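Because the structure is a prediction, the values reported are computed rather than measured. In this chain, numbering begins with 1 at the start of the sequence shown. What's counted below: heavy atoms across the whole structure, side chains too, no hydrogens, waters or symmetry copies.
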Amino acid sequence: MRNTRTLISVAIAVLMAATSLLLTPGPAAAAAATATFTKAASWGSGFEGRFTITNGGTTPLNGWEIALDMPSGAAISSSWDALMSRNGQRYVFKNVGWNGNLAPGATVNFGFIGTPGSAEPSNCTLNGNPCGDAQVPVPGKPGAPTVSGVTGDSISLSWRASSGTVTGYRVYEGTAVRATGSGTTATIGSLGSCETHTYTVKAYNSAGESPASEPVTGSTAGCTGGVPGKVGAVTASDVTSTSATLKWPAASGTVTGYRVYQGGTLKATVNATTATVSGLTACTTHSFTVRAYNDSGEGPASDPASVVTGGCDTGPLPKHFLTGYWHNFVNPAVEMKLGATPNEYDLIAVAFAEATSTPGRLDFKLDPALATAVGGYTEAEFKSDIAALHSRGKKVILSVGGELGRVQVGSGQAAAAFADSAYALMQEYGFDGVDIDLENGLNATYMAQALRQLRAKAGSDLIITMAPQTIDMQSTGMGYFQLALSIKDILTVVNMQYYNSGSMLGCDKNAAYSQGTVNFMTALACIQLENGLRPDQVALGLPAGAGAAGGGVVQPSMVNQALTCLARGTNCGSFVPPRTYPGIRGAMTWSINWDASHNWNFSKTVKPHLATLP
């Protein structure tokens, strides 16, 4: 979340179509330390640049300094998380006190705003050592692949070369890499006879992967007589607390019908390529496979399809609810007392708790500047406002972090300090839980430990929300995603920030979707929904209007459209999710104050729509 007292940062790193520059320092900077520059976004008159410094060595990196040149007429106007100085067109960025020491494997980021948008830095150094590789864009999309040959255990493909600099190509089946090579052909072997497989191809170089090619489907030989081929990918839709509808592509060969299994138990026998399985347990993960059969017997089982049934305990909040952040600081948005929050909001996140000199320990006090701006506001009045919101059926939590937040939980002692201090603040002010909005990195292991300790103190009604950036939830290997999955049993909801992002991959891995679109919201939500989080643990976080974010601002009606697409599978953009998610939890906005600045357009549009969801 963005505390704009200091700076409005317009975007985070773009995974696709970003320009990268790898800086490889010499011995003075520690043997394996690297720094990667990313031009995260460009809007004509300016751009956002970001460096990620990684200590890949075995000894600590004690302090860093990056220097670079800007072209004549170009400039860098501001920076964050680094101390900037300038001598002509040479800019120097040094670590600030908290981010100078990098343990082995640690990373740190800083960024800046430059002008114009077309400007490119050059002559970079890290701790006095020259830069390495030149900037190279990702390759273009490969041409549509075709099946060039098949055997009983292999499928061969060919495709047109990608544009740009290409190191090689990867052939994917879903998200799994099936072949890698430098040419425009590949053979995928070790397949079963009479099996059907669908592939896409991506080109890659040092900057990353291209968009995926169009898909191609092929079948291995050996389908004359005998059992049918393997059933393709099984998808689920219309999931309720006790049932789910499964669909799949037709198997190759002679097919009499299909049998649906849950483990070794036969659940349904059908002649079509769809079946509804009922009698399921609520709020449970179920795994299904499908086999085609004929007079000769059953074909191979499909790959398993996981389904999470509805009916989960949603805790002290409505089935579908609206979250908003309240500013405990002054910025260009409307300043307001907490008690002025309108009834459309079900959950209010107070932004933000502050770090202390003790790792993990939190503190919170009303901002004196805010108190002045609203004509006086005491701690007692603030606590009274929380009690009044409770009497109106609302919940209030304390958000930890924000864009400028420096809370670090990197040890068992810090985890205990976090839990103890968070619980003390809950007791003092009446907060109902915490929101994790750490935008400068987190340790998933110790943060999970801290939240479980807090849950043990606060009980089962504790509300735990998270507000990761889009890049933090691109895969289950990211720290935020790891944290969400590790506390899934006590996690309330993830309100990912679908803004300040640039383009990002969706769950189909076929394209980088642009922020500010329905496709962006649905395709990125799908990543979480298809990789372990329940629908009731996923919500859409969007800015309340112009000024609230540097990019990704949408009309509230588009948020409603995305929610309908996810919940019902209708009113989607060009991206259609693989299944419906009737339990999708709702929406979040940054922020209540910015919503007030726009005549409450976000909450008055989105909240009524939530009541129409299944």
Side-chain angles (χ1 to χ4, degrees), residues 1-3 12 312 314-317 321-326 346-353 360 362 395-403 405-409 415 418-419 422 426 431-455 458 461-501 504 521 524-529 531-542 583-591:
M1 232 42 75
R2 295 145 31 85
N3 177 338
I12 66 164
C312 299
T314 56
L317 290 161
F321 67 89
L322 179 62
T323 301
Y325 285 78
W326 175 81
D346 303 293
L347 178 64
I348 299 96
V350 172
F352 294 100
L362 307 177
K395 299 297 180 181
V396 184
I397 59 177
L398 180 60
S399 183
V400 179
E403 184 187 28
R406 299 290 174 254
V407 176
Q408 298 287 329
V409 180
F418 181 98
M426 290 174 62
F431 295 124
D432 300 291
V434 293
D435 169 63
I436 306 303
D437 183 19
L438 299 176
E439 299 181 17
N440 294 284
L442 58 76
N443 184 304
T445 299
Y446 290 114
M447 181 53 71
Q449 183 176 318
L451 293 172
R452 290 196 178 279
Q453 289 181 25
L454 180 58
R455 166 67 175 244
D461 283 340
L462 175 70
I463 296 172
I464 301 175
T465 68
M466 296 168 57
Q469 301 169 103
T470 53
I471 196 168
D472 296 322
M473 302 296 285
Q474 278 282 287
S475 76
T476 55
M478 308 297 285
Y480 245 112
F481 216 140
Q482 291 174 351
L483 173 62
L485 294 177
S486 70
I487 62 165
K488 181 179 174 180
D489 56 313
I490 61 173
L491 174 66
T492 305
V493 71
V494 174
N495 295 305
M496 191 173 76
Q497 303 175 41
Y498 293 77
Y499 52 94
N500 290 341
S501 169
M504 287 284 171
M521 290 181 269
L524 270 69
C526 174
I527 296 175
Q528 301 167 55
L529 293 162
N531 287 278
L533 293 182
R534 303 191 309 266
D536 65 281
Q537 293 177 315
V538 177
L540 307 182
L542 279 304
I584 191 77
R585 202 60 192 271
M588 171 276 282
T589 191
W590 178 263
S591 60

Do the side chain of [X] and the main chain of [Y] share a donor and acceptor less than 3.5 angstrom apart?
X: T465; Y: V494; answer: no
X: S399; Y: F352; answer: no
X: Q469; Y: S501; answer: no
X: Q537; Y: L491; answer: yes
X: Q474; Y: M504; answer: no
X: N443; Y: V409; answer: no

Restricting to non-hydrogen atoms, name the atom on [X] and the atom on [Y] that form the minimum distance, rounded to 0.1 Å.
X: L347; Y: V396; result: CD1-N, 4.4 Å
X: L483; Y: A444; result: CD1-O, 3.8 Å
X: M473; Y: L533; result: CE-CD1, 4.3 Å
X: A587; Y: A539; result: N-CB, 4.1 Å

Checking F431 now: which residues fulfil ring pair (Phe, Tyr, Trp, His ring centres under 6.0 Å) with it, not counting sequence neighbours?
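F364, Y429.
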
Testing D435, T323, D432 for side chain to side chain contact (heavy atoms under 4.5 Å, CB included) with I463, which one passes?
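It is D432; the other options fail the test.
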
Give a yes-or-no answer on whether the side chains of D472 and Q497 include a donor-acceptor pair shorter than 3.5 Å.
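No.
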
Do you see a donor-acceptor pair shorter than 3.5 Å between the side chains of D437 and Y325?
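The criterion, which ignores hydrogens and geometry beyond distance, is not satisfied for Y325 and D437.
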
Quick one: does [X]'s side chain get under 4.5 Å of [Y]'s, heavy atoms only?
X: R585; Y: L317; answer: yes
X: L462; Y: I490; answer: no
X: M447; Y: L438; answer: yes
X: D346; Y: K395; answer: no
X: R452; Y: D489; answer: yes

Look up atom [atom1] in [X] and atom [atom2] in [Y], then write down how far apart they are to the nearest 0.5 Å.
X: R455; Y: D461; atom1: CZ; atom2: CG; result: 8.5 Å
X: N531; Y: F481; atom1: CG; atom2: CZ; result: 5.0 Å
X: M588; Y: F321; atom1: CE; atom2: CZ; result: 10.5 Å
X: L398; Y: I348; atom1: CG; atom2: CD1; result: 13.5 Å
X: F418; Y: I436; atom1: CZ; atom2: CD1; result: 4.0 Å
X: M466; Y: M496; atom1: CE; atom2: CE; result: 11.5 Å

Looking at residues at least two apart in the chain, or sitting in another chain, which of them share a side chain to side chain contact (heavy atoms under 4.5 Å, CB included) with A419?
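With sequence neighbours excluded, A419 shows a side chain to side chain contact (heavy atoms under 4.5 Å, CB included) to Q453, L454, K457, given in chain and number order.
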
Quick one: list whatever passes salt bridge (Lys or Arg N to Asp or Glu O under 4.0 Å) with R534, sequence neighbours left out.
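Here the qualifying residues are D536.
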
